[in-house]
**Student:** 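Questions regarding the structure given below will be posed in turn.
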Number of protein chains: 2
Amino acid sequence: MKNQKRTTIYDIAKKLNLNASSVSRALSNNSNVSEATRKLILDTAKELNYKQNSLASNLRKGHNQTIGVIVPRINQNYFADVIAGIEEVTYQKGYNLVICQSNESSAREVKCVNTLINQHVSCIVISLSADFEDDKHLQTIKEHGIPLIQFDRVAEHLDTFKVLNDNEQASIDAVSHLIEQGYKRIALLEGPQNLNIFRQRKAGYLAALKKFNVPVLPELIKENAWTKELGAESTKELLNLAEPPDAIFASTSDFSALGVLEVATKMGLKVPEELGICGYSNEAFTEITSPSITTIDQYSVSMGKTIANLYFQEIESSEKDNNPKIVSIKPKLIVRSSTLRNKTED
Amino acid sequence: MKNQKRTTIYDIAKKLNLNASSVSRALSNNSNVSEATRKLILDTAKELNYKQNSLASNLRKGHNQTIGVIVPRINQNYFADVIAGIEEVTYQKGYNLVICQSNESSAREVKCVNTLINQHVSCIVISLSADFEDDKHLQTIKEHGIPLIQFDRVAEHLDTFKVLNDNEQASIDAVSHLIEQGYKRIALLEGPQNLNIFRQRKAGYLAALKKFNVPVLPELIKENAWTKELGAESTKELLNLAEPPDAIFASTSDFSALGVLEVATKMGLKVPEELGICGYSNEAFTEITSPSITTIDQYSVSMGKTIANLYFQEIESSEKDNNPKIVSIKPKLIVRSSTLRNKTED
DNA sequence: TTAATTTAAGCAATCGATTGCGATAAAAAT
DNA sequence: ATTTTTATCGCAATCGATTGCTTAAATTAA
């Protein structure tokens, strides 16, 4: 069952007393082959169970119709959705997807990049790992002439195609909403500031406070509260302050917000009356917690489609060296019970 | 930036007045090259920014170190987790992953299979689409000598490697648990019976009833209740019966169970006192609904690892034509509030 | 009937890396 | 000093498909 040679165009050619070039042409269905021999070739191809060897074809053509995707984690809703969106479009175009996960480690990210370069992929799509510091590997991609599309977590100063969420505006919307609901002391759970997305979310938080002339209180800003556990921990500290916050914006993730909710519930605080909670990402579960959690939807699937379309429209089609384009998608604030104490708005 | 030729081993050879074969040998790091020239080659390779062309290498070597994975949906927790598990192992081995999603359509599944065969992948891992009927494409894989590992949703009669969950035993456990909690009229939400997993889950339901001498009531078995919406619909019908069930086993998914819970809550039924609910899959949200939902964990990530290990241990390593192996993983019943009315057990 | 044109198919190089075999030079053995 | 062995490296074929160019055959035009 193993090691059996697969039939090649030469096998077909030999059987029909033809040249391999004719077989190739008949199979690719375009050039100068008579209808009679074409049918003959197609038939024996089927008969001999012929399948094209993409390796050889791609080597000859100098490209393989494959897009490489590197994400921190495959099994994280946001990234899985983006990938699904990319796949949806690339499949239509007959392209393939090679998926790598960096596991939030930039060392591993570098290895993934090298593999994809070796594979001669047509394009690399990447969202950076949490410990991002150095963009040398991204430079390498550019040096090899491979189109590069960064999304979500990006190296901002690097001149590449980018598909982004407007994290700052989303945060402004969220915090503004909290203020409008009458919350006075709004805490922020922030993520690692080496990542653009968390910097932007913090900036949005600060901008919104400024807009409403609300003073910034450093003791209400908690670093490193990414996970549910860390979110819970930070919440305990916040709620034990002499003057605790009356709302918490978990800008890191909905998981963090869930940690907030669980601690608040455990401590007997009423949500949203005594504590407002806002998360980020619109994970499926935010809709079914009690109370349901206000959050921000990132249109992840459509973001994936945007990425793929960007490649096909801007990069693959035209040969001219157009400037890398930046597409920004505006996320949407999803208001739910966890921040709705001003019932007039509902 | 485009169309620049990448440096090949010939470029390196020319620059050093050597033959390409020496460069290849130096790069592959094993054969007869003197230390001096090896260092020379390695240095200029770095200098010229050389990256191997995997296409050429794989074509020559006759295989590409890639495993193709076909799943119904990438962004479904269970499959995303399995993929993450596979990736974890394959990454260690220096293998790549090509991911395809069939979108629950077997027509598309066939196309995916063909693409992967063309790519000369080393192995194909597949979980069948919902409308599975014909396994011709799986036969084709075997005919081409490509190792095939089916998981979860499989064509049972086809002689291939398989990694399965013991769905029947899991269902027996779940239903037995319901009976032990004193539920008398247990309804079943079942999925399409062309898929082995749903057949097995139904079989487990029936077996458990038989074990406890509980009569099977056809009006309590609802077909086609896969999604949350369909689960809700079926629940309404069930609860409007003259003699409604006192427990519902949503064997299709946790989403279906969520639909059950929402309808029950809306109709003012107390869970678990008046209605017991059990789902399937241990989706993240089942832990945080109120009440939390009893469900079955499938060890998805570890299942992915098992799949990959099966390939490396059983298939890749030994050349002998060993019989396809079947690995069964026993899922675990996670008892939560939605079925716990007999408090002694907690 | 002959010349011009179109059509069909073969030839051979190419993509880039790998590898068995042979050749040369240097080192070791006699 | 001569022969044998070993270490290095080059040569050339190979993997399978593609494609520009050429040739042969068939068709049309004159």
Side-chain angles (χ1 to χ4, degrees), chain A residues 3-42 44-45 48-66 115 117-122 144-145, chain B residues 3-42 44-45 48-66 115 117-122 144-145:
Chain A
N3 280 344
Q4 64 194 13
K5 285 166 292 174
R6 288 160 57 148
T7 70
T8 70
I9 54 172
Y10 295 99
D11 299 324
I12 299 176
K14 189 180 291 176
K15 179 153 193 179
L16 295 178
N17 250 348
L18 285 171
N19 190 279
S21 57
S22 298
V23 178
S24 173
R25 281 190 258 261
L27 257 28
S28 66
N29 208 37
N30 45 358
S31 315
N32 313 317
V33 192
S34 75
E35 266 313 308
T37 58
R38 156 165 297 136
K39 187 157 291 180
L40 221 58
I41 289 172
L42 260 45
T44 53
L48 295 180
N49 217 349
Y50 170 79
K51 299 272 174 187
Q52 190 198 47
N53 185 333
S54 307
L55 290 174
S57 174
N58 291 333
L59 172 60
R60 176 62 223 256
K61 294 205 210 150
H63 66 274
N64 69 353
Q65 310 220 105
T66 296
T115 313
I117 293 179
N118 289 359
Q119 299 234 328
H120 276 226
V121 292
S122 308
H144 282 275
Chain B
N3 281 344
Q4 63 193 12
K5 286 163 293 176
R6 289 160 56 149
T7 70
T8 70
I9 54 172
Y10 295 98
D11 299 324
I12 299 176
K14 189 180 291 177
K15 179 153 190 177
L16 295 178
N17 250 349
L18 285 171
N19 189 280
S21 58
S22 298
V23 178
S24 173
R25 281 189 260 261
L27 257 27
S28 67
N29 209 37
N30 45 357
S31 315
N32 311 318
V33 192
S34 75
E35 265 314 308
T37 58
R38 157 167 293 137
K39 187 157 291 179
L40 221 57
I41 289 171
L42 261 46
T44 53
L48 296 180
N49 218 349
Y50 170 79
K51 299 271 174 189
Q52 191 198 46
N53 186 333
S54 307
L55 291 175
S57 173
N58 290 333
L59 172 61
R60 178 61 225 256
K61 294 203 213 151
H63 66 275
N64 69 354
Q65 310 220 106
T66 296
T115 313
I117 293 179
N118 289 359
Q119 297 234 328
H120 276 226
V121 293
S122 308
H144 282 274

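What you see is a predicted model; the values in this text were computed from it and never measured. Each chain gets a letter, A, B and so on, in the order the sequences are listed, and its residues count up from 1.
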**Student:** Will you find, in the side chains of A/Ser21 and A/Ser24, an N or O donor that is under 3.5 Å from an N or O acceptor?
**Tutor:**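 Distance-only check fails for A/Ser21 and A/Ser24.
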**Student:** Pick base, sugar-phosphate or nothing for A/Asn17, based on heavy-atom distances below 4.0 Å to the nucleic acid.
**Tutor:**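 It contacts sugar-phosphate atoms only.
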**Student:** Mind calculating the distance between CZ (A/Arg38) and P (C/dT7) to the nearest angstrom?
**Tutor:**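 Going from A/Arg38 (CZ) to C/dT7 (P), I get 14 Å.
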**Student:** D/dG10 base to B/Arg25 side chain: any donor-acceptor pair below 3.5 Å?
**Tutor:**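 Check passes, donor-acceptor contact within cut-off.
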**Student:** Please examine the side chains of B/Asp11 and B/Lys15, heavy atoms only from C-beta on, and report whether any two atoms are closer than 4.5 Å.
**Tutor:** no
**Student:** Whole-Å distance between C/dA8 P and A/Asn32 CG?
**Tutor:** 7 Å
**Student:** Suppose we call a contact any N or O donor and acceptor under 3.5 Å apart; does that hold for the side chain of B/Thr8 and the base of C/dC15?
**Tutor:** no
**Student:** Measure the distance from CG on B/Asn19 to P on C/dG22 and round it to the nearest whole Å.
**Tutor:** 17 Å
**Student:** Does the A/Asn64 side chain pair with the main chain of A/Leu55, one donor and one acceptor, at a distance under 3.5 Å?
**Tutor:**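 Flag not set: sc A/Asn64 to bb A/Leu55 has no pair under 3.5 Å.
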**Student:** Any side-chain N or O of A/Ser28 under 4.0 Å from OP1/OP2 of D/dA17?
**Tutor:** no
**Student:** Is B/Tyr10 close enough to C/dT14 that one of its side-chain N or O atoms is under 4.0 Å from OP1 or OP2 there?
**Tutor:** no
**Student:** Check the phosphate of D/dT19 against A/Ser24, side-chain N and O only, distance under 4.0 Å to OP1 or OP2. Yes or no?
**Tutor:**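 It does not, given that no N or O in the side chain of A/Ser24 lies less than 4.0 Å from OP1 or OP2 of D/dT19.
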**Student:** From CG of B/Leu55 over to P of D/dA17, roughly how many Å is that when rounded to an integer?
**Tutor:**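 Answer to the nearest Å: 14 Å.
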**Student:** Among C/dA17, C/dG10, D/dG16, which nucleotide has an atom closest to any side-chain atom of B/Ile9?
**Tutor:**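 Given the options C/dA17, C/dG10, D/dG16, the side chain of B/Ile9 is closest to C/dA17.
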**Student:** With DNA chain C as reference, determine whether A/Leu18 or B/Leu59 sits nearer its 5' end, using the nearest nucleotide of each.
**Tutor:** A/Leu18
**Student:** Nearest 0.5 angstrom please: A/Asn58 CG to B/Gln119 CD, how far?
**Tutor:** 7.0 Å
**Student:** Any donor-acceptor pair, under 3.5 Å, between the side chain of B/Ser34 and the base of D/dC9, if you only look at N and O atoms?
**Tutor:**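 Under the 3.5 Å cut-off, the side chain and the base do not form any donor-acceptor pair.
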**Student:** Just checking A/Thr37: base, sugar-phosphate only, or nothing, at a heavy-atom cut-off of under 4.0 Å?
**Tutor:**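 If one applies the 4.0 Å heavy-atom cut-off, A/Thr37 turns out to touch the sugar-phosphate alone, with no base involved.
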**Student:** So B/Ser54 and A/His120, do their side chains get closer than 4.5 Å, heavy atoms only?
**Tutor:**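 They are not in contact (no side-chain heavy atoms under 4.5 Å apart), so the answer is no.
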**Student:** The side chain of B/Asn53 lies closest to which of these nucleotides: C/dG16, D/dA17, C/dT19?
**Tutor:**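 Nucleotide nearest to B/Asn53's side chain: C/dG16.
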**Student:** Measuring from the side chain of A/Ser57 (C-beta onward, heavy atoms only), which nucleotide among D/dA17, D/dG10, C/dA17 has the closest atom?
**Tutor:**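 Minimum distance to the A/Ser57 side chain belongs to D/dA17.
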**Student:** For B/Asn58 and D/dG16, give me the distance from atom CG to atom P, rounded to whole Å.
**Tutor:**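 It works out to 13 Å between those atoms.
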**Student:** Quickly work out the B/Ile12 CD1 to C/dG16 P distance and round it to whole Å.
**Tutor:** 13 Å
**Student:** Would you mind classifying the nucleic acid contact of A/Asp11 as base, sugar-phosphate or nothing, using non-hydrogen atoms under 4.0 angstrom?
**Tutor:** nothing
**Student:** Output yes when at least one side-chain N/O atom of B/Ser22 is less than 4.0 Å from OP1 or OP2 of D/dG10, else no.
**Tutor:**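 Checking D/dG10 against B/Ser22, a side-chain N or O does come within under 4.0 Å of OP1 or OP2.
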**Student:** Rounded to whole Å, please give me the gap between NZ in A/Lys51 and P in D/dA17.
**Tutor:** 13 Å
**Student:** I need the CG-C1' distance between A/Leu40 and C/dA9, as an integer number of Å.
**Tutor:** 14 Å
**Student:** For A/Ile9, which of A/Asn19, A/Val23, A/Leu18 qualifies under side chain to side chain contact (heavy atoms under 4.5 Å, CB included)?
**Tutor:**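 Looking at A/Asn19, A/Val23, A/Leu18, the match for A/Ile9 under the side chain to side chain contact (heavy atoms under 4.5 Å, CB included) is A/Val23.
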